[in-house]
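Here the structure comes first, spelled out in structure tokens, and everything after it is commentary.
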Protein chains: 2
Amino acid sequence: MTSELAITFCTDATWTGRAHCEKCHIRKLMLFSELPTSAFEEVLQPIDQYMYPPGSVLYEAHTHKQFIYSIRRGMVKLVHIAPDGVSRIVRLLGPGTAIGLELLDGADGYHHTAIAVNQVDLCKIPVSTIKQLEDGHKELCMHVSKLLQDQLDLADQWIVALGTGTARQRVAQLVLVLDEFFSEDNGAFILLNREDMAAMIGIAVETVSRMIADFKRQKILYRFKENYYQCNTEALQDISRQG
Amino acid sequence: MTSELAITFCTDATWTGRAHCEKCHIRKLMLFSELPTSAFEEVLQPIDQYMYPPGSVLYEAHTHKQFIYSIRRGMVKLVHIAPDGVSRIVRLLGPGTAIGLELLDGADGYHHTAIAVNQVDLCKIPVSTIKQLEDGHKELCMHVSKLLQDQLDLADQWIVALGTGTARQRVAQLVLVLDEFFSEDNGAFILLNREDMAAMIGIAVETVSRMIADFKRQKILYRFKENYYQCNTEALQDISRQG
DNA sequence: GGGCGTCATTGAGAAGTATCAATCCAGCAT
DNA sequence: ATGCTGGATTGATACTTCTCAATGACGCCC
């Protein structure tokens, strides 16, 4: 059950340009989707885009960097690290979600440590900018609500699916989640390492490994190419329900 | 691990009056805390207050009653019920929180079943009223965000504390949560029944019973009066950390 | 190619939990 | 008081999972 994720403090982000939200080709996904283009003329502080390599720490819990991050590409894990170093992954987030929203409600620091799972592209938005835009644009406030509601739904799903049943059932659920939310264009998803999976569902690394190895043997889970895997959804759903 | 909470469909709520939010003595806690008293003149649909006996169902998942509920008194459990009837308690909420907020983001039904744990007093607010007030009062939208953020924090705490460690550690955490969030004026809290506790942390009823009985024997947990209990916080924290 | 490090897999025994069944207990109605 | 009833407790056993330890697989660097 003990899992102490090795955290590499290589926050070597690459600056990939100044964001031009009004021209953003995925804006409909993003935080500012409902704002009129005119709104961006009011923005004083710049919004920059960055690229982070896998494993890099976007921010640490309890620090206060005054930035909200809007994920454009890649997967981010939100991690809770106990005083004794044991860590637990609380949520896995992908493109279109924003992290660090707790700062908008007056939190005096981030509530989790955020770590890039694979390569992550994101927009770094100053809290002051959001607050300023919220003033004039109620749509933004409502979008923030919606993002929070989405994350709440995710958290609830996490509690129900990943916190109930045998190890076998939970791993099946986890693979289903990866398949549903993190499949890429090729219809396959990256299988997390065993340590991350263990930290998500709260079981031992070896147990996860046994289950995954078993799924592979049964051809319920198979390699697509490189790190990408595909799965037999029906079989996993059966397992997640009855074992 | 199987737990099928017996749900008594006795939705025999008692109407206890029409709400006068502008005069509400606990308004600072409630959904409309930041609104000027003048705002209530705009409200067309009435806001009613109700009292529910323990065990009654406030609403069921997937139904759509067009109401948000603001809890004034008592505890409410949000329950996820799987198709096979197994239920899991996702969250426990008390005074000052609002439930059913998912309807504001366009959900086409409640996301959980809400059940009164003890006697619950609440205000029943039409969705249309909130939407109407949100239009003119950004403060309300921000308060909704804050409530969602609070619930998200709770859910995260749930995942971390109640989904990690041995049964003994989890039960200790659960008692600590009850003590922290649900202690009443007398400094004691109501100990939930074993079935509810089991549904919260995802272990068998008998296991919960063994742990609680053990805590009682060790005088870590003791009866204050009637159903009310008090606990030795330090001892429980020790247990929750190392076992 | 060979050595090395990291992660995944597998095995075996210990520890923890679920399950089934019996018993206890308090509150309540008769 | 007596019996009833639902929940809580306890016991015994089978099963699951953790833990420690060994082995295997793979990429990487020299």
So does [X] get a side-chain nitrogen or oxygen closer than 4.0 Å to the phosphate oxygens (OP1/OP2) of [N]?
| X | N | result |
| --- | --- | --- |
| A:S209 | C:dA8 | no |
| A:T207 | D:dC18 | yes |
| B:R168 | C:dG16 | no |

Options D:dA8, D:dA21, D:dT17, nucleotide nearest the side-chain atoms of A:A167 =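 Nearest listed nucleotide: D:dT17.
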
Could you work out which one of C:dT17, C:dA8, C:dC20 sits closest to the side chain of A:N193?
->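 Looking only at heavy atoms from C-beta outward on A:N193, the closest nucleotide is C:dA8.
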
Can you check the [X] [atom1] to [N] [atom2] distance for me, whole Å?
| X | N | atom1 | atom2 | answer |
| --- | --- | --- | --- | --- |
| B:E206 | C:dT19 | CD | P | 8 Å |
| B:R194 | C:dC25 | CZ | P | 15 Å |
| B:I239 | C:dG16 | CD1 | C1' | 16 Å |
| A:D196 | C:dT6 | CG | P | 17 Å |
| B:Q169 | D:dC18 | CD | C1' | 13 Å |
| B:M197 | D:dG7 | CE | P | 14 Å |
| A:L192 | C:dA8 | CG | C1' | 14 Å |
| B:I203 | D:dA8 | CD1 | P | 14 Å |

Residues in salt bridge (charged side-chain N to carboxylate O under 4.0 Å, His left out) with [X], at least two apart?
| X | value |
| --- | --- |
| A:R91 | B:D156 |
| A:R217 | none |
| B:D179 | none |
| B:D153 | none |

Those residues that, when tested against B:E184, pass side chain to side chain donor-acceptor pair (under 3.5 Å) (two or more places apart) =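 Only B:Y228 meet the side chain to side chain donor-acceptor pair (under 3.5 Å) criterion with B:E184.
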
Residues in side chain to side chain donor-acceptor pair (under 3.5 Å) contact with B:R223, at least two apart in sequence or another chain | none

So, B:K77 and B:D196, do they make that salt bridge, N to O below 4.0 Å?
->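 Salt bridge: yes.
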
Does NZ or CZ of A:K124 come closer than 6.0 Å to the centre of the six-membered ring of A:Y50, within 45° of the ring's axis?
-> yes

Angle of first-five versus last-five pair axes in the helix from C:dG1-D:dC30 to C:dT30-D:dA1, to 10 degrees =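 The angle, to the nearest 10 degrees, is 30°.
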
DNA chain C contacts among residues 210-226 of chain A, heavy-atom distance under 4.0 Å = A:R210, A:A213, A:K216, A:R217

Among all residues two or more places apart in sequence or in another chain, which pass the ring pair (Phe, Tyr, Trp, His ring centres under 6.0 Å) test with A:Y110?
->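 Partners of A:Y110 under the ring pair (Phe, Tyr, Trp, His ring centres under 6.0 Å) test: A:Y59.
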
